[in-house]
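Reviewing the structure listed below.
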Amino acid sequence: MNDSPQRYDPATVEAAWQKRWEADRVFEVTEDPARQKYYLLEMFPYPSGRIHMGHVRNYSIGDVVARIKRMQGLNVLHPMGWDAFGMPAENAAIANKTHPAQWTYDNIDYMRTQLKRLGFSYDWTRELATCHPSYYRWEQLIFLKMWEQGLVYRKRSLVNWCESCQTVLANEQVVAGLCWRCNNEPVQKRLFGYFFKITDYAEELLEWIDKLPGWPERVLTMQRNWIGKSYGALIRFPLLEREGAIEVFTTRADTLFGATFMSLAPEHPLALELSAGTPQERAVQDFIDRVRRQSLADRADEKLKEGVFTGAYCSNPMTGSQMPVYVANFVLMDYGTGAVMAVPTHDQRDFEFAREYNLPLIEVIAGPQGAQGAQSMNAAFTDYGTLINSGPFDGLGSKEAMRAIAEELGKRGLGQETVNYRLRDWGISRQRYWGAPIPMVHCEKCGLVPVKEEDLPVELPLDAQISPTGGSPLPGLDSWRNTACPACGGPAQRETDTMDTFVESSWYYDRYACPDYDQGPLDPKRTLYWAPVDQYIGGIEHAVLHLLYSRFYTKVLRDLGFLKVDEPFVNLLTQGMVIKDGAKMSKSKGNVVDPNDMVQRYGADTVRLFVLFASPPEKDLEWSDQGVEGANRFLQRLWRLGLAVAEEAGGVAPYAGGGSLGGPLAELRVKTHDTIKRVTQDAVQAMQYNTAIARVMELVNAISLVQQDEALKGQPQREAVLREAIEAAVILISPMAPHIADELWRRLGHEGYLINQPWPAFDQAVLVQEEKLVVVQVSGKVRAKLTLPADADDAALQAAALAEEKVQKFIAGQAVKKVIVVQGKLVNIVV
RNA sequence: GCCUGGGUGGUGGAACAGGUAGACACAGGGGACUUAAAAUCCCCAGGGUGAAUAGCCCGUGCGGGUUCGAAUCCCGCCCCAGGCACCA
């Protein structure tokens, strides 16, 4: 190692600047109606213990945006806090014999230090931790308001239960059939739980997807699919020999005349009811038991269509024909009504089922080739077509027929057109300790009673003994659980479930606007100024979890009168993962790079620069130790060059025009302004920090050449041009590498912080070139490059191209058919 | 199966609006400085064939097409990643 005084030492320089920024409260902001606000937010971390590279990447990207927007004169809110409730705290408590609260707050302290060491421009006065009563008391209040409005309800239902997490999962939290947190396979369980009526907002959530141009298309697509809107009809099939009807949802009402039997989900209440007392009762019961015993994943993988006859019949509301009612393994209880009208000729699943059980086929849709004959079909015909065998509807196209049939059913009171959503209500009950208590009380006399608002918060008891078996201690904690009924004052018991931690993260971004507000969840004045978030940055993994819940919650808060916005995040950037050796960094893979080690070895600026340079933000980033070395080398180079120019150009002002420049000095000046222009395009408009950094590297390379060129020493304006160039480089790199930039800025004789400097403007006049490089092609192949006056017209370009010796060689003896001239760029001579 | 992305040197990645493919960097090779090394600085570098920094040929997953000209546009495929998936 070279330890010359010229060598940049990040440890001391970075610490010094972090101290100054903090002492001068550089990043603290308040509402200022005179200035345009900009709310920049990165997804807050779970305080797991240490910051990982994914965080470093996420927050480095965010910090660049924050600093640039600030330099552009906006009033930038850039807060940080902690998603502090959650299971790992309980697990760690068991493993380390600490309390989840202790563990969490210790982690927060450590991670805060780590983030500060990275030099991010957070307003730390707004820091919040969701596990603190001053936060979750307002979450409980919102819960009560939602309860009042009927947006929360409690029901017993079939839920996804994760055995290893000992708790329930919402539909969104079962990812690819597995628990989103621990990757174990959930089982089905019947449990009581609280649900948020997100389905009430399905239509609005869907509509607004088209009004979020600042979101990546794939996130919008995922949400659109998750909501799963489809148009169709509800049709009632009257039961034979008893009261009632089976209701189905179908998107193909046009095939109704071809419905020859009925399929029920095994969980459908009618399945057992219909078979009760018939010879089929035993068979149905056995079948349901067998399907239930299958794991969810096995059931989803099951391709064989199986079922059993219930012994009952219903009638086709159009044809009146008898349809046997089956229970079938492929029918899903939680989509539509849990019952399907089976049209074997035009649905592949029904076709396979009908074959297996010898059920009748009636062809009702003819394709362009006409009817193919039901008996000769070897697969269902699922396209739209023309109706046949459908009585008065024969000859209609599928689309018209759907409407006509629904209308006819409506007249007879047997059906109507409808819209169906795949989205289910959000189950928020968690059978865990380390979460926000649900503010409800069970009274034997009054039933389920909400806690009174003035009694909030319902504090999580900190004296609970965490059980090593993993269950929540709350149900056994009588001192906490026993309470008085808010309604009658009699003995009652507190709800022991806590809220899904996604509830906390669904509104924390609004609370940042007013973290100290004690009159309600949100200060109307301050949220009016700051909300919504202008730019949100985080991982793609929350595409249908946090990002959908937050959209829902924003609309709820709006409807409860707490907020005035429709959507939480105007622009969304989903950054890619950090990969090493081809896999996501993880303890189990043993490929984790600890940010602490990197910061210690190279400094925060180097680590930040590397993660920004190695890949565009939305793509995955392959970690490379050598790449980090490269980033460090660049900063060292910038440092030496900065100091050299500072010394040579000590008392000289940056070049600002005047006098005439020539040769390399003029070229450097063009490079300086071109770099400002392109970095502004890349970094400010396109958020392509990898290319923005590359541009600055080019500029630094160019400055270096000029600075070292002995022939230029003594030339007038040399120092002024060098200073202008190096100052541009330092300012442009400052959002990415703020410490070294501020230090160089100081060494160049300036005071203050670069974040308070205006983002540089380029001089268009400098960029107007007198000469341009013109590529000459012969029949599309590059044969020569000419430097010509920029104002040369087409004829002049063509003449110059044809006169070129190399070009002559290639057109010799051939007739020139055509010449294409692109102004100031290219001449193509076609022979 | 459906829906998103994506496929460019040894590697990460550039390429405005169809106009020099490979910016910038990593790894590599050569040189300067040094007793030596590290550090630093300079040069080379898509592949093939050339002594060559002369030429020629090939080249952005594959096959076609449009165009004077295609990584970029169109058609048909293949592969990779992610999401959804018996959704009636």
Side-chain angles (χ1 to χ4, degrees), chain A residues 1-4 6-7 175-177 216-226 228 230 232 248-252 255 263 299-305 328-332 334-343 346-350 352-353 420-422 540-541 543-544 576-577 579 610 613-616 618-631 633-634 636-637 640 678 681-682 686 688 690-698 700-701 704-705 708 773-785 806 809 817-822 825-831:
Chain A
M1 274 279 164
N2 181 331
D3 51 359
S4 81
Q6 287 254 305
R7 197 174 169 83
V175 177
E217 194 52 46
R218 60 179 178 144
V219 174
L220 297 176
T221 305
M222 280 189 230
Q223 293 210 354
R224 210 177 271 124
N225 292 342
W226 190 262
S230 52
V248 306
F249 170 75
T250 179
T251 54
R252 292 299 301 270
T255 64
S263 305
R299 205 171 145 183
D301 281 347
E302 182 63 69
K303 290 285 173 259
L304 183 68
K305 308 281 175 282
N329 66 343
F330 62 90
V331 181
L332 306 172
D334 60 0
Y335 184 78
T337 63
V340 181
M341 69 173 203
V343 185
H346 304 291
D347 181 286
Q348 186 58 26
R349 293 156 300 185
D350 297 339
E352 288 168 32
F353 194 87
N420 188 58
Y421 298 91
R422 184 183 169 278
I540 184 82
E541 65 272 19
V544 284
M577 291 186 298
I579 303 285
F610 169 72
F613 177 64
S615 180
E618 63 283 356
K619 282 185 68 173
D620 285 351
L621 179 150
E622 174 76 32
W623 184 266
S624 155
D625 289 337
Q626 283 143 342
V628 181
E629 298 261 4
R633 235 176 349 244
F634 168 72
Q636 294 286 357
R637 191 169 144 83
R640 282 191 304 271
R678 297 173 73 170
Q681 272 166 9
D682 287 352
Q688 299 293 306
N690 55 331
T691 52
I693 292 167
R695 307 283 168 241
V696 179
M697 286 174 167
E698 283 184 57
V700 168
N701 290 344
S704 185
L705 286 177
Q708 284 173 60
L773 186 70
V774 176
V775 173
V776 183
Q777 298 179 334
V778 178
S779 295
K781 294 197 173 181
V782 179
R783 297 302 185 188
K785 295 169 190 179
K806 285 182 190 162
K809 214 171 93 184
K817 285 187 199 150
K818 197 173 178 183
V819 178
I820 284 117
V821 179
V822 181
K825 243 183 183 172
L826 176 134
V827 179
N828 189 9
I829 300 158
V830 186
V831 293

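Lettering follows sequence order; numbering is per chain, from 1.
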Carboxylate-amine/guanidinium proximity below 4.0 Å for A:Glu217 and A:Arg224
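Counted as a salt bridge, because a side-chain N and a carboxylate O are separated by less than 4.0 Å.
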
For B:rA51 versus B:rA14, give the span between their P atoms, rounded off to a whole number of Å.
38 Å

Is the distance from OP1 or OP2 of [N] to the nearest side-chain N or O of [X] less than 4.0 Å?
X: A:Arg678; N: B:rA15; result: no
X: A:Lys781; N: B:rC58; result: yes
X: A:Arg637; N: B:rA39; result: no

With a 4.0 Å cut-off on heavy atoms, is [X] in touch with a base, just the backbone sugar-phosphate, or nothing at all?
X: A:Pro616; answer: sugar-phosphate
X: A:Arg224; answer: nothing
X: A:Leu773; answer: base
X: A:Asp350; answer: nothing

Check whether the side chain of A:Lys817 and the base of B:rC68 form a donor-acceptor pair under 3.5 Å.
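A donor-acceptor contact between them is absent.
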
Donor-acceptor pair present, A:Asn828 side chain and B:rC68 base, under 3.5 Å:
yes

Side chain of A:Arg783 - closest among B:rC42, B:rG19, B:rC56:
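Shortest atom-to-atom distance from the side chain points to B:rC56.
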
